[in-house]
Number of protein chains: 4
Amino acid sequence: MADNTAEQTRRSPDPRRRSQRARNAILDAAAELLGEVGYSKLTMEAIAARARVGKQTIYRWWPSKAAVVFDVFTRLTGATAGAPLPDTGDLAADLKTVFRATADEFTDPETDRTTRAFTAEIQHDEELARAVTERLVEPNNRAVRDRLSSGRAAGQIAPEADLELAAEMLSGPINHRWLLRTGPLTHEYVDRLVDTVLRGLRP
Amino acid sequence: MADNTAEQTRRSPDPRRRSQRARNAILDAAAELLGEVGYSKLTMEAIAARARVGKQTIYRWWPSKAAVVFDVFTRLTGATAGAPLPDTGDLAADLKTVFRATADEFTDPETDRTTRAFTAEIQHDEELARAVTERLVEPNNRAVRDRLSSGRAAGQIAPEADLELAAEMLSGPINHRWLLRTGPLTHEYVDRLVDTVLRGLRP
Amino acid sequence: MADNTAEQTRRSPDPRRRSQRARNAILDAAAELLGEVGYSKLTMEAIAARARVGKQTIYRWWPSKAAVVFDVFTRLTGATAGAPLPDTGDLAADLKTVFRATADEFTDPETDRTTRAFTAEIQHDEELARAVTERLVEPNNRAVRDRLSSGRAAGQIAPEADLELAAEMLSGPINHRWLLRTGPLTHEYVDRLVDTVLRGLRP
Amino acid sequence: MADNTAEQTRRSPDPRRRSQRARNAILDAAAELLGEVGYSKLTMEAIAARARVGKQTIYRWWPSKAAVVFDVFTRLTGATAGAPLPDTGDLAADLKTVFRATADEFTDPETDRTTRAFTAEIQHDEELARAVTERLVEPNNRAVRDRLSSGRAAGQIAPEADLELAAEMLSGPINHRWLLRTGPLTHEYVDRLVDTVLRGLRP
DNA sequence: CTCTAATCGAGACGGTACGTCAAGTCTTAGT
DNA sequence: ACTAAGACTTGACGTACCGTCTCGATTAGAG
């Protein structure tokens, strides 16, 4: 290790002694408050009070408010991150299934709230942005590319198609519409998007 | 547009008496500080101090930090908002020209900073989101749709194509890549995107 | 006296041009507000608003809040300041008459309020203190001394008595009791005080 | 319901945890500033800055500027409050000793400043007035009355004399003279006052 | 199964910024 | 041309949270 100074100064706490009770109370409190007051009005003080926990207990285990909310976030959406897409042989249908689900998730108030909090936060916090991208965005993206790849192998997509671009052409517009609230995220919209994208990728 | 600002909802001060000197000093100070410390560490107090202005003068004309930065933002990008796209007859070339410029803008550090500040802020502030959408996003979107429409009239796009969707398929992926920093916004990337989208829209 | 106000030191504006309407409106407003919110919460802004007068109009003629209230004060109590005491030949009776009236005045809520405001103010403002003493306290004191003097001439007081001290022995305790709210200012109290003081001054 | 006192609603911090360091720094800073800028220009902000203390730490323990200065005041004069008067058998001499000391105290610039600040403040703040009266004025008054009482027992004062009134006849004029700055507080003045008062109280 | 060291709830601490109020000065619109 | 209205700079207000720092009181793991 090049730099061990910080390690010696700031002794990290023993995770074996960590109170699971406190951890859950904090994440629950944070999740509740996120819903009630939103991310920007969410305070460490309020989380501590709601969780009946000392502020130090939060700071002992999380470096920042963003980190706490990140754990709330992964408790919500982390479970399914990177799961492979269904492969029924019908590429369009499989993509529609998956992106309809994505659209539905964005429509759910709780996910919407937390995701917006994150979207906001990663604008300022590059490290957090990297964490989110690596652990959530990239795995999902890879799963989409894998399905597109198997579709290409089956001759449904041009051999020279850029699958990275293709995946972004699917996620991008949905994300854009949600982000800027420029229109409703209906299944019909998703279907048309998938169809048009696949049309552009045909052999 | 005579008055392109966020100030329309404020209660009663007489805009005729407004000090133009103070207004400019505030926006300049905010722009500078935004570059120096970033949005989340930008404070009203610092803006006031830098602009040699009373805090009250800021609060008199803008309801929040976000509103101030919004005006900084519109001063930067608002000028060209809604300008019609070039129409050389070559739809692909024209779209590439425009979206290459958009990609370049996102790459510029100052625009990047301000735009990220905004993207973050509109997640929490619906009213601000509406203002941004109406005055910046929607006009630009309309300009793209208009160009697509003239391309459709020229037979370069299928008559039944959904131009709203088409516009989002162009902006969405670019925005997505910038937002999540999943890849570089090169001209080459833009070109491939435009080509693939237009392929999907062919008659 | 032509001008019995605090305004004499103010340098330049031409008193001939002074709006009597504004002057009265300001003093009325100040008097009303003094009763409603008390001295320390009385603001120039509120006086100006209530009097429907520009703040500058107040500052043009009075240097401070204290000066305005001083004029309110003299309008109230200035009229009778320095008036000679009755002289019926019965010194004790005459003093009782006068100091009972003084006690009653202190008991009156409006006078109480204004006098307290003044007492507070003259602690910080030496110039104001001098003005109050010269124009209000000293004239009244002199009137008391004059009556004591005529009593001494009539043999009711020892020839060597210090009348300055005597006057203070009358005003002092009454003032003290009012100031510190250590007891009620009844006529009976005043009578006992006068009797005891005169007993100490007997030939 | 029956027990609806103010003390139950007032959520007060735990005095055991109070930092004595902070308390002293605050009182020292307030005392210094009081001397430098005077009461009315004394600000909580300046006290906090000088004491290198957070403003909240002041507000946590004192409700107002007046309360802080009250503690400064009691640190100065509170030590001797209520101490019994000397009893040498010579009533006049004992009273002169004590009131000469009082006069000297009023003459001391620091006591003068603080006492004036208080006199001003208790005009607006009844609660503070009560505190001052109970803790400082009344104890001193009682001590004087006790000495007068022992003098009465020794036959130096008429048995029917009102000792409350007598005490006020001593404190009142001294206070009055100091308050209105109508004359110097010399030992000679005090002596004459004591003599005249005792003359009025003789059997 | 103690003993002891860490974590825990609690909250005071030195700070920064908030958004408001008023002071006293300067500017402008309207009679 | 005056003057009311009010915008301006300044600075203090009292509050909310920040992140750090004691405090006892558990509480869990090493002995």
Side-chain angles (χ1 to χ4, degrees), chain A residues 10-11 13-23 25-26 41-49 51-65, chain B residues 12-23 25 41-49 51-61 63-65, chain C residues 13 17 19 21-22 25 41-49 51-60 62-65, chain D residues 11 13-23 25 41-49 51-61 63-65:
Chain A
R10 178 86 172 107
R11 234 181 59 256
D14 185 344
R16 289 171 310 175
R17 300 204 140 199
R18 180 168 195 178
S19 158
Q20 216 50 40
R21 202 216 108 250
R23 186 189 134 92
I26 289 163
K41 287 184 184 169
L42 178 66
T43 67
M44 292 300 235
E45 218 128 68
I47 296 172
R52 313 230 77 204
V53 139
K55 277 198 288 177
Q56 198 59 253
T57 302
I58 306 184
Y59 283 108
R60 185 152 31 232
W61 303 108
W62 291 273
S64 67
K65 181 173 77 164
Chain B
S12 32
D14 186 343
R16 288 170 305 177
R17 302 200 148 186
R18 181 166 195 178
S19 158
Q20 216 50 41
R21 203 216 107 249
R23 186 189 134 93
K41 286 182 184 171
L42 177 66
T43 67
M44 293 299 234
E45 216 127 68
I47 296 173
R52 311 232 75 205
V53 139
K55 275 197 287 178
Q56 198 76 113
T57 301
I58 306 183
Y59 284 110
R60 186 157 27 239
W61 302 109
S64 66
K65 182 173 74 163
Chain C
R17 302 204 137 198
S19 157
R21 202 219 110 246
K41 288 185 183 169
L42 178 66
T43 67
M44 293 299 234
E45 218 129 66
I47 296 173
R52 313 232 75 206
V53 140
K55 277 199 286 178
Q56 199 57 251
T57 303
I58 306 183
Y59 283 108
R60 190 154 28 234
W62 290 273
S64 67
K65 181 172 77 164
Chain D
R11 207 176 106 267
D14 186 344
R16 288 170 309 178
R17 300 199 148 192
R18 181 166 195 178
S19 158
Q20 215 51 42
R21 205 216 105 251
R23 188 190 132 93
K41 286 183 184 170
L42 177 66
T43 67
M44 292 300 235
E45 216 128 68
I47 296 172
R52 315 226 78 208
V53 139
K55 274 197 288 178
Q56 199 76 125
T57 301
I58 307 184
Y59 285 109
R60 188 160 21 240
W61 302 109
S64 65
K65 182 173 74 164

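No hydrogens, no waters, no symmetry mates; every other heavy atom, side chains included, goes into these values. Only a predicted model underlies this, so the values are computations on that prediction, with no experimental measurement involved. Residue numbers start from 1 in every chain, and the chains themselves are labelled A, B, ... in the order their sequence lines are given, proteins ahead of strands.
Heavy-atom contacts from other residues, nucleotides or ligands closer than 6.0 Å to CZ of A/Arg18 number more than 12.
When all heavy atoms of A/Ala48 and A/Gly54 are compared, the pair lying nearest together is CB-C, 4.3 Å.
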*Would you mind building the protein contact string for nucleotides 8-18 of chain E? One character per nucleotide, 5' to 3', B for base within reach (heavy atoms under 4.0 Å), S for sugar-phosphate only, - for untouched.*
BBBBSBBB-BB
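Of the possible donor and acceptor atoms, none in the side chain of B/Lys55 sits under 3.5 Å from a partner among the backbone N and O of B/Met44.
For the pair B/Arg23 and B/Trp61, the NZ or CZ position fails the cation-pi test of under 6.0 Å to the six-membered ring centre and within 45 degrees of the ring normal.
Rounded to an integer number of Å, the gap from CD1 of D/Ile47 to P of F/dG14 is 11 Å.
For A/Arg16, the side chain to side chain donor-acceptor pair (under 3.5 Å) partners are A/Asp14, not counting sequence neighbours.
In this model, the phosphate group of E/dA5 is not approached by any side-chain N or O of A/Arg16 to a distance below 4.0 Å at OP1 or OP2.
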